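Taking it in order: structure first as structure tokens, then the write-up.
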Amino acid sequence: MFDVDREALTDGPVGRVLLVLAAPLVAQNLVYVANALIDTFWLGRVGEDAVAAVGLSLPIQSLLGATVVVGAVGTQIIVAQRAGEDDEAGARRVAVNGALVALAVTAAVALPVVVYAEELVALLGADPALAGTTATYLAIVIAVLPVGAVGDTVENCFTAYGDTRAVFHVSLVSVLVNLVAAPTLIFGVGPAPELGVAGAALGTVLAGVAGLLWILGYAAGIGRDTFRLTRDALAFDADTVREVVSVGLPLGGQRGVSELVRVFVVGLVAIAGGAPGVAAYTVGARVATLAVVPALGIQQAAQSMIGQNLGAGAPARARRTTTVGTAQVVVGFLALGAVQFLFAGGIADLLAPDLSATGRDLAVTYLRILGATYWALGGTYTLLAGFNGASRTRTSFVADLIKYWAIRFPVAVAAVPVATTFGALGVTVAPGLGWGVEAVFWAVAVSNVAGFAGLGGYFLYTTRRGMFANAAERASGGGGGSGAAEAADGD
């Protein structure tokens with residue numbers, strides 16, 4: 001049902017191929033989010049403070065996740081282009097060196113975060129009762145960030161070749177491990193001690209390690225033959241490393257600027273809404289992460305299709321892949337948002353039944369606001385796939401810089417009282433307007449719509465000026481390195 005021949009990526013009907021290619025990725029991302037929802041589900045039975053503690057760590061985790069993007073997504077885009085050119089040896093070389101980039105970059109940030117987790121959490125201005133628990137959870141999860149980065153990079157190579165089922169299998173293994181480990185370690189089952197929030201973190205760690213071992217087995221040729229790493233590829237190549245970094249670094253910057261805003265926004269939520277506000281924001285963030293899974297799956301599939309088509313010299317098909325994918329996501333997300341709007345109360349009760357009355361009301365409000373703008377949030381992912389697949393990764397960086405720093409954060413500041421001392425980095429925020437935590441929710445919605453509208457207009461402008469034709473010409477020229485990537489962003 002979900003088999004996609006490599007020839008179909010460049011010759012088959014765009015809409016159908018994109019959906020078939022994306023289906024296992026959507027399932028994979030659902031499984032990935034399920035890992036996070038498992039923690040929220042069980043910790044919701046522990047209490048509101050447990051949910052809030054993990055929620056406080058989420059923006060920091062996501063911010064550090066930007067380092068994973070540099071190697072993982074940069075590798076996917078270049079491997080897809082090599083595959084389109086039928087350069088198998090080059091694709092394997094990119095995979096190995098991309099994994100080295102992912103390992104080095106993530107290790108460089110993981111170590112200091114683990115050592116100074118308590119100090120980092122304290123910068124957010126967290127309630128002392130939450131800070132210690134949050135720091136424990138954060139340190140455990142981030143300690144294995146390099147492991148996850150290498151696994152993601154290898155998985156993305158299979159995605160670049162169109163073998164999205166392999167990625168789904170890995171994620172399924174991970175969630176099955178966490179499904180058993182999380183409640184066992186949180187509540188203490190059998191010989192396992194009752195570890196609470198720390199148990200949730202350890203369950204996530206075990207799931208990540210299991211996933212890495214599984215995908216490395218596939219890459220060694222056990223059970224899959226789509227993409228295999230051979231001994232001749234196991235060598236450091238400075239030129240390939242530079243190429244991966246040149247494509248992946250702007251994407252890491254894109255992720256970083258958006259997640260840094262989320263760190264500040266959680267601080268604003270904590271000031272304006274206290275524990276109920278943070279818990280409500282956490283519920284909304286978890287559900288939104290689940291909701292964007294289809295868009296993320298189509299984005300990943302589109303990036304592979306676009307890269308392969310550009311490598312094969314088919315720029316018109318690359319452009320059509322972007323437009324068809326965006327249309328599919330916008331229509332689907334209009335329906336998805338309507339469902340969330342209607343059933344917001346039931347969703348909040350399912351995820352966190354022990355929320356206070358104030359926390360539940362805030363969670364319902366946030367879920368409804370998010371649902372009304374899902375179409376714009378989802379469409380942004382697929383528009384960005386067009387730029388990323390063409391190696392125009394700096395566009396993604398600039399788009400998120402504007403969306404989060406020029407729109408979301410200034411609007412969110414209105415939530416706090418005038419001249420408030422902001423816990424994150426001890427900054428004084430002025431002028432706050434005292435509009436309450438709901439202003440943060442509206443800031444998210446407004447930035448989603450504005451971001452989609454602006455990026456859509458820029459996409460039309462750049463494609464009319466030959467963005468995909470120029471990218472196809474560069475790709476067919478033998479896979480230029482960092483200079484090619486920079487030229488792409490100078491069109």
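These numbers come from a predicted model, not from an experiment. Residues: numbered from 1 along the sequence shown.
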Test item: Phe387 and Thr462 side chains (from C-beta on) under 4.5 Å apart, heavy atoms
yes
Given side chains that start at C-beta, do those of Ile77 and Leu251 come closer than 4.5 Å, heavy atoms only?
yes
Are Phe468 and Ile306 side-chain neighbours, meaning at least one heavy-atom pair lies under 4.5 Å?
yes
Is there side-chain contact between Val173 and His169, with heavy atoms separated by less than 4.5 Å?
no
Contact between Val446 and Arg408 at the side-chain level, heavy atoms closer than 4.5 Å - yes or no?
no
Taking side chain as C-beta onward, heavy atoms only, is Leu350 less than 4.5 Å from Phe343?
no
Start with the C-alpha distance between Leu383 and Phe452, add both sets of side-chain angles, then the distance that settles side-chain contact (heavy atoms from CB on, under 4.5 Å), and finish with yes or no.
CA-CA 8 Å; Leu383 285 175; Phe452 175 75; 3.7 Å; yes
Would you confirm whether Thr373, through its side chain, and Ala376, through its main-chain N or O, come within 3.5 Å as a donor-acceptor pair?
no
For Ile369, the side chain to side chain contact (heavy atoms under 4.5 Å, CB included) test, sequence neighbours excluded, returns Thr365, Phe441, Trp442, Ala445
Atom OG of Ser447 and atom CD1 of Ile402: how far apart are they, to the nearest 0.5 Å?
12.5 Å
Would you say the side chain of Arg465 lies within less than 4.5 Å of the side chain of Asn470, judging by non-hydrogen atoms?
no
Looking at residues at least two apart in the chain, or sitting in another chain, which of them share a side chain to side chain contact (heavy atoms under 4.5 Å, CB included) with Val105?
Thr67, Val101
side-chain hydrogen bond (donor to acceptor under 3.5 Å, both in side chains) between Asn448 and Thr380, worked out
CA-CA 8 Å; Asn448 285 341; Thr380 299; over 6 Å; no
Rounding to 0.5 Å, atoms CD1 (Ile347) and CD (Gln340) come to a distance of 5.0 Å
Thr382/Gln328 under side-chain hydrogen bond (donor to acceptor under 3.5 Å, both in side chains): CA gap, chis, key distance, verdict
CA-CA 9 Å; Thr382 45; Gln328 289 173 336; over 6 Å; no
